[in-house]
Q: 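Handing you a structure now.
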Amino acid sequence: MNKYAYRNKLAVVTVVSFGIGKAYAKELAAQACHAILAARSKDKLDAMEREINRQYGVQVYALACEWEKVGRIAPS
């Protein structure tokens, strides 16, 4: 039995436009895990959302955002 059960869970995956984030998002989808995908590029996110949804049939939500600016405290 798999120690980690991802089926029908929801994961947040960042930097999914390329590299490890993209591979991780696909691996979770292959294990029937739904996902919120976050990256800067809206076009790449939309393409990734369609690809994962079509290939794995899980629910995917794309969130275009600039992580560098989220929660930043303005200098005084």
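What you see is a predicted model, and the numbers here were worked out from it, not measured in a lab. Only heavy atoms go into these numbers, but all of them, side chains included; no hydrogens, no water, no symmetry mates.
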Q: Kindly give the heavy-atom pair with the smallest separation between Ala39 and Val16, and that separation in Å.
A: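 Nearest pair, atom of Ala39 first, then Val16: CB-N, 4.0 Å.
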
Q: For a quick test of reading the model, state the closest non-hydrogen atom pair linking Ala11 to Leu28 and the distance between them.
A: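 What the structure gives for the nearest pair is CB-CD1, 3.7 Å.
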
Q: Can you name the nearest heavy-atom pair linking Asp46 to Ala62, along with the distance?
A: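 Looking at all heavy atoms of both residues, the shortest contact is OD1-CB, 4.1 Å.
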
Q: Would one find more than 12 heavy atoms of other residues, nucleotides or ligands at under 6.0 Å from atom OH of Tyr56?
A: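 Atom OH in Tyr56 is crowded, with more than 12 foreign heavy atoms closer than 6.0 Å.
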
Q: I need the minimum non-hydrogen distance between Leu37 and Ala25, along with the two atoms involved.
A: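 That would be CD2-CB, 3.8 Å.
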
Q: Minimum heavy-atom separation for Arg7 to Ala32, with atom names?
A: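 Looks like NH1-CB, 3.4 Å.
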
Q: Can you measure from OG (Ser41) to CZ (Phe18) and round to the nearest 0.5 angstrom?
A: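 Ser41 OG to Phe18 CZ: 10.5 Å, rounded to 0.5 Å.
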
Q: Could you give me the CA-CA distance, side-chain angles and deciding distance for Gln31 and Lys9, then say whether side chain to side chain contact (heavy atoms under 4.5 Å, CB included) is met?
A: CA-CA 10 Å; Gln31 295 184 43; Lys9 302 289 187 207; over 6 Å; no

Q: Short question: side chain of His34, backbone of Gln59 - any donor-acceptor pair under 3.5 Å?
A: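 Yes; judged by distance alone, with no hydrogens or angles, the pair exists.
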
Q: Take Leu63 and Leu45 through the side chain to side chain contact (heavy atoms under 4.5 Å, CB included) test and state the conclusion after the steps.
A: CA-CA 8 Å; Leu63 176 64; Leu45 271 172; 5.6 Å; no

Q: Please say yes or no: joined through hydrophobic side-chain contacts below 4.5 Å, possibly via intermediate residues, are Val12 and Tyr61 part of one cluster?
A: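 Shared cluster, yes.
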
Q: So do the side chains of Ile36 and Leu10 get within less than 4.5 Å of each other, counting heavy atoms only?
A: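 When only atoms from C-beta onward are counted, Leu10 and Ile36 do touch, with a gap below 4.5 Å.
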
Q: Among Gln55, Glu49, Met48, which residue meets the side chain to side chain contact (heavy atoms under 4.5 Å, CB included) test with Ile52?
A: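 For Ile52, the side chain to side chain contact (heavy atoms under 4.5 Å, CB included) test succeeds with only one of Gln55, Glu49, Met48, which is Met48.
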
Q: To the nearest 0.5 angstrom, please state how far the CZ atom of Arg40 sits from the OG1 atom of Thr14.
A: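 Rounded to the nearest 0.5 Å, the CZ-OG1 separation comes to 11.5 Å.
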
